[in-house]
Amino acid sequence: MKYYSTNKQVPLSTLKDAVLKGLADDNGLYMPERIPQLGGDFFAALHAKTLQEIASEVAVALFGEDIPAATLRDIVHGALNFDIPLVKVADNRYSLELFHGPTMAFKDVGARFLARMMQHFTRNESVETNVLAATSGDTGSAVANGFLGIEGITVTILYPKGLVSKIQESQFTTLGQNVCALEVEGTFDDCQRLVKQAFLDKELNAQRKLTSANSINLARFIPQAFYYFWAWAQMPKDCEVVASVPSGNFGNLMAGLLAMRMGLPVKHFIAANNANDIFLKYLQTAKFSPRPSIATIANAMDVGNPSNFARIMDLYGSNYASVTADISGYSYSDAQIREVIKRTFTETGYTLDPHGACACEALREYLETNKTPKGFFLETAHPAKFKETVDDILEADIAVPEKLQAFMSGKKQTVGMSIRYEDFRDFLLK
Ligand SMILES: *Cc1c(COP(=O)(O)O)cnc(C)c1O
């Protein structure tokens, strides 16, 4: 299978090149040339299979021409060494708990898969690969932990100083080994810009082997398609199903749309946003107007220029009517997110994190107005990752899982960084 850039200014790429490059030379995002179709037999047999079995079959359909099936199964089993339970929250709403991995957020899935696929492609090379990742919180921890200890690959994490939670920060600043954390004097958008600029810097790339692990890397977003099949397989089969996705850079939603294109019978997708409602505005006006991000309590979704928008446009041939037929949008203020967390806990006993809360509420609103029977939402982080916020809302002291406590007791090791590209470049060349 070959991969093209959404900007269509460069030749087709192999899977290996697309994965190691991350971003195409024309600044576009890679997309598979063909989208494999999974037939009725596949879906009929799905409910009896494990997450890992389903993921392996989908992985072989997508990557089987380029990586042997047995290797793909190893990559899947290595990456998905945790459960993704589907939990009933209310009569018609289910939570897909994506937070049972090592850093307790859904990004573990894509990051762990990507790390193993990169390792597969670089195992015979002598030059060290440097993975650059900008993070608004959860990418950093997932990428750092996904790559921790992988030989031949170093990881540089850029994060906005003071804008990520203590627990998130501890997950990528205390690791050491092949992981370095840069504390940037700016916003997430600044971090993302620095990384993008480094990839476009020809001189730098002649001297260093750089690659990306952000959700722009196709090997990060594509494996996220696996759990949509798994979730659908666990849902009651007597009715139509919709899926609600808390969105920032839209990699997660894009993976769901890919699954739908492969044949997954999810009827409709819901893009749930915090106050950064650029995508909702697009759905309402047909105009995409990126703007600086606003800080919210669902900070992993504080994105002003969602990078995967280009992929969604590509998938739909920029046809606005088709996009709005498949996707609805909702946006919630911090005050609304707080109210949802409180109400959901009171009514159902379920503790949401601020990101999942957006998706849970968007699903509730959608089901109510569209008389659609059932749906699942993606619960993308464990509530204890946002303990201060959730404790304050619920007037409680929620338990911190041992996995998170272990990070908190580590020693912080970071390097300070300005938002000037020259400084970042110097650091990379050091
Ligand atoms: C990254 C993240 C999101 C947003 O996912 P995208 O793929 O960027 O849209 C939502 N929730 C949590 C907890 C995240 O870490």
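Remember, it's 1-based here, ligands and their atoms both numbered in the order they're listed.
If you number the atoms of ligand 1 from 1 as listed, the ones under 4.0 Å from a heavy atom of N249 come out as 6 (P), 8 (O), 9 (O). Near G251, with a cut-off below 4.0 Å to any heavy atom, the atoms of ligand 1 are 6 (P), 7 (O), 9 (O). Annotation for ligand 1: atoms under 4.0 Å from non-hydrogen atoms of N252 are 7 (O). Short contacts between ligand 1 and H355, defined as distances under 4.0 Å to a heavy atom of the residue, involve ligand atoms 11 (N), 12 (C), 13 (C).
Of the candidates E379, K107, R220, it is K107 that places a heavy atom closest to atom 14 (C) of ligand 1.
If you run ring pair (Phe, Tyr, Trp, His ring centres under 6.0 Å) between W232 and each of Y94, F43, F226, F376, only F43 comes through.
In this structure, F172 has its ring center under 6.0 Å from that of Y159.
A salt bridge links R338 with D392; the closest basic N to acidic carboxylate O contact falls under 4.0 Å.
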With salt bridge (Lys or Arg N to Asp or Glu O under 4.0 Å) as the criterion, how do R420 and D423 come out once you've worked through the C-alpha distance, each side chain's angles and the decisive distance to 0.1 Å?
CA-CA 6 Å; R420 288 181 56 229; D423 293 341; 3.1 Å; yes
Determine, stepwise, if the pair S293 / D302 fulfils side chain to side chain donor-acceptor pair (under 3.5 Å).
CA-CA 6 Å; S293 61; D302 294 350; over 6 Å; no
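Where the criterion is an N or O separation shorter than 3.5 Å, residue side chain and backbone included, A381 fails it with respect to ligand 1. Inclusion of F250 in the set of residues having an N or O under 3.5 Å from an N or O of ligand 1 is warranted. Checked by distance only, ligand 1 and S247 stay at 3.5 Å or farther apart across all their nitrogen or oxygen atoms.
Distances from ligand 1 to the non-hydrogen atoms of A105 include no value under 4.0 Å.
R261 forms a cation-pi arrangement with Y316, by the criterion of a distance under 6.0 Å to the ring centre and an angle within 45° of the ring axis.
Residue K342 qualifies as enclosed at atom NZ: its count of foreign heavy atoms under 6.0 Å is above 12.
Residue contacts with ligand 1 for F221 are absent, since no atom lies close enough (heavy atoms, distance under 4.0 Å). Under 4.0 Å from ligand 1, not a single heavy atom of Q224 appears. For M301, every heavy-atom contact with ligand 1 shorter than 4.0 Å involves the side chain, none the backbone.
Between L132 atom CG and K196 atom NZ the span is 13.5 Å, to the nearest 0.5 Å.
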